[in-house]
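See below for the structure under consideration.
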Amino acid sequence: MIARELREIIAAAISEAAAAGEIPAVETPDFVLERPRHKAHGDWATNAALALAGSIGRSPRDIASILAARLREKGLSPGDEGEAGTLREVEVAGPGFINLTLSRDRVLRELARVAGEGKDYGRWDFGGGRRFNVEFVSANPVGPLHVGHGRWAALGDALCNLLAMVGYDVDREFYLNDFGTQMEVFAASVEARYLELSGVHAEFPAEGYHGTYVVDIARTLLEEDGGSCTGRPGAERRAELGERAYRIALAHIKDSMESFGVHFDTWYSERELQQGGAVEKEVRGLLEDGLAYEKDGAVWMATSRFGDDKDRVLVRTGGAPTYFAADIAYHLNKMQRGYDHLINIWGADHHGYVRRMQAAMEARGHPDRLEVILGQLVNLKRGGEPVRMSKRTGEMVTFDELVAEVGRDAARYLFLTRSQDTALDFDIQLAVEESMDNPVYYVQYAHARICSILRYGMGKGVDLSEDVPALETLRLLASQEEWDLALKVFEFEELVRDAALDRAPHRLTRYLEELAATFHVFYNRHRVISDDSGLTAARLFLARCVRQVLLNGLGILGVSAPESM
RNA sequence: GCGCCUGUAGCUCAAAGGAUAGAGCAGCGGACUUCUAAUCCGCAGGUUGGAGGUUCGAGUCCUCCCAGGCGUGCCA
């Protein structure tokens with residue numbers, strides 16, 4: 001690939017210059033190689049001379065001149081008017097940048113590589129097949145998902161695709177908090193609604209879930225059993241209704257995720273963990289290993305010994321384990337399942353929890369294995385007025401409503417254009433209106449346009465074979481717009497790597513918009529299919545490369561690439 | 001009080017420490033007899049919250065201040 005090749009050439013130029021005594025021998029510095037913002041600065045640019053200046057103590061421009069001479073020698077190999085090598089031009093600029101312009105044939109060869117790699121273009125193997133577990137959404141299964149969960153679904157799924165693209169073996173996991181307090185509150189709420197609907201007076205629990213969906217679930221239960229639960233003993237009735245309501249809520253969540261295109265490999269049940277004794281066993285183990293102790297009638301874990309601000313309760317006075325205790329057992333369970341690395345995507349409201357969880361992992365011999373990605377919250381609004389997203393108050397906009405109104409592609413894209421570090425103000429009405437202008441259509445349109453060109457070509461009897469045209473033919477690509485497009489295509493590989501390493505899928509949306517824009521400009525300026533069969537073949541080939549990258553990129557985001565719009 | 005995140009165009013947001021801070025939307029003006037006008041071209045829009053500092057270079061890193069969000073439970 002071009003970037004790697006350029007890096008190697010630059011590194012070689014540095015060591016050769018040092019060997020020749022032109023500069024003092026130093027370790028090759030970390031230098032930047034990037035696409036410059038301005039076209040006048042070449043196709044690629046490096047700050048290698050600036051990076052060397054500090055340790056060498058000579059002016060950056062002098063060093064740049066020395067390196068540039070070496071680069072010219074290496075990059076501009078003779079023959080074919082200087083086009084056979086990697087570079088066409090090497091220039092020292094500004095405070096000491098070296099601007100590089102690629103040779104025409106090198107660009108065309110790279111284009112052929114893009115076509116050759118096809119759906120694997122952008123793939124890396126530095127993950128080495130290491131097993132990653134990515135846990136996300138993990139909403140309490142006591143009602144429908146709300147809009148905020150959509151952000152984690154879109155983010156988690158895209159991140160998993162990115163990680164898989166760079167060579168990790170990724171599993172998606174959803175943790176079900178199907179045990180404990182909130183399940184009991186849920187059961188009590190459903191029971192009360194069930195009784196009300198049956199015409200029996202019932203006291204609604206003080207802290208119960210007021211959402212209308214609870215009534216809907218109760219109605220479904222009533223329709224199922226004809227009210228036969230009404231006369232049963234309270235505890236028994238509540239347990240049964242709670243259990244059936246849970247199944248309904250869970251099925252709903254699974255449907256929502258699948259129809260959003262997010263498939264979880266594992267739905268891990270806290271209940272199984274608890275009922276299998278894993279939580280108690282872990283608490284005992286921590287006590288035995290001197291990592292936990294009893295105080296004030298409770299059991300505490302000594303997380304402060306591992307970087308936490310203070311120790312945390314594992315078992316409350318009265319014997320009930322905390323969520324934290326269960327979470328320790330759960331995360332150790334993940335490790336036992338053979339994962340090399342764990343990633344959790346949590347809302348920012350859980351950030352106070354990160355330190356103690358990592359402390360627990362460290363205490364159990366897994367330092368640095370748990371990575372927590374904190375996503376800032378979605379602030380829901382309706383007509384400019386804030387709406388609290390709470391199952392308790394029941395006032396919420398569901399995830400399904402959003403997807404139904406703005407569509408799956410627009411919803412996914414909407415969530416992915418923003419970095420997870422930024423809080424997202426989300427007005428459902430505005431979202432519906434703005435979905436008409438959603439940049440996702442801009443990107444998809446570029447793809448549809450290319451497909452349209454191919455259809456048109458077919459009608460015209462143009463040769464649509466997918467063979468790479470001969471170099472002679474590709475050399476007909478000579479306009480500024482065509483070069484811009486080719487170079488934009490080449491950015492994809494490094495972008496995928498960087499986005500994966502930085503856990504930043506949003507960069508991909510930005511890139512795809514740039515690629516689409518570059519294509520639209522090209523399209524408006526040049527006809528792909530014309531009477532010139534050579535030029536037609538060359539441009540069709542270029543368009544195909546663009547299409548491939550659009551496909552690969554949209555695929556990572558989990559957004560469809562329609563052939564017509 | 002302490003901790004994490006954020007503050008960039010009217011709005012929503014970009015910008016691995018790089019050169020003249022960019023897109024979309026909104027606004028104004030243009031381009032369809034030609035492969036899809038969900039497109040393109042142009043204009044306008046900025047003291048990157050403020051003040052210091054680090055260095056060849058700071059929206060980005062450091063310190064302090066201001067503002068907003070979220071935490072700071074024997075809740076989950």
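For clarity, every value in this text was computed on a predicted model and none was experimentally measured. Chain A is the first sequence line, chain B the second, and so forth, proteins listed ahead of strands; every chain is numbered from 1.
For the residue pair A:H331 / A:N344, a side-chain donor-acceptor distance below 3.5 Å is found, with atom types taken as modelled. A donor atom on one side chain and an acceptor atom on the other are found under 3.5 Å apart for A:D409 and A:S560. No hydrogens or angles considered: nothing links the side chains of A:T518 and A:D484 as a donor-acceptor pair under 3.5 Å.
Ring geometry for A:W300 versus A:Y293: interplanar angle under 30°, hence parallel rather than tilted (30 to 60°). By the 30° and 60° cut-offs, the orientation of the rings of A:H526 relative to A:F522 is tilted. Using a 30° and 60° split on the angle between ring planes, A:F519 and A:Y523 fall in the tilted class, from 30° to 60°. Between A:Y175 and A:Y330, the angle of the ring planes stays under 30°, which puts this pair in the parallel group of the 30/60° scheme.
With hydrogens and angles ignored, a donor-acceptor pair closer than 3.5 Å exists between the side chain of A:H351 and the base of B:rG3. With hydrogens and angles ignored, no donor-acceptor pair closer than 3.5 Å exists between the side chain of A:T322 and the base of B:rC74. In terms of polar N and O atoms assigned as donor or acceptor, the side chain of A:D437 never comes within less than 3.5 Å of the base of B:rA26 in a complementary pairing.
The side-chain contact (heavy atoms from CB on, under 4.5 Å) with A:L100 is formed by just one residue from the set A:D43, A:L71, A:I2; it is A:L71.
Regarding A:R37, its CZ atom lies at a distance of 16 Å from the P atom of B:rA14, rounded to whole Å. What separates CD of A:Q420 from C1' of B:rC13 is a distance of 14 Å, to the nearest Å. Atom pair A:Q274:CD and B:rA76:P shows a separation of 10 Å (rounding to whole Å applied). One atom, CZ of A:R35, and another, P of B:rG22, lie 16 Å apart when rounded to the nearest Å. Regarding A:M301, its CE atom lies at a distance of 16 Å from the P atom of B:rC74, rounded to whole Å. Atom pair A:R61:CZ and B:rG18:P shows a separation of 20 Å (rounding to whole Å applied). With rounding to whole Å, A:R525 atom CZ is found 12 Å from B:rG42 atom P. Rounded to an integer number of Å, the gap from CG of A:D308 to P of B:rC4 is 14 Å.
For B:rC32, the base adopts the syn conformation, since its glycosidic angle falls within 90 degrees of zero.
Side-chain proximity of A:H38 to B:rU20, B:rC74, B:rG69: nearest is B:rU20. Nearest to the side-chain atoms of A:L424 among the listed nucleotides B:rU72, B:rA19, B:rC13 stands B:rC13. Checking B:rC13, B:rA19, B:rC40 against every side-chain atom of A:N99, the shortest atom distance belongs to B:rA19. Comparing atom distances between the A:M565 side chain and each of B:rG18, B:rC13, B:rA38 picks out B:rA38 as nearest.
Between A:P95 and A:D311, it is A:P95 whose nearest contact on RNA chain B lies nearer the 5' terminus.
Of the residues in residues 486-519 of chain A, those with a non-hydrogen atom less than 4.0 angstrom from any atom of RNA chain B are A:H506, A:R507, A:R510.
In this structure, A:E563 pairs ionically with A:R547, as a charged nitrogen and a carboxylate oxygen lie closer than 4.0 Å.
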- State the dot-bracket string of RNA chain B. Criteria: Watson-Crick or G-U wobble, both atom distances under 3.5 angstrom; notation: ( ) intrastrand, [ ] crossing earlier pairs, | interstrand, . unpaired. (((((((..((((....[...)))).(((((.......))))).....(((((..]....))))))))))))....
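Here the closest heavy-atom approach between residue A:L464 and residue A:G457 is recorded as CD1-C, 4.3 Å.
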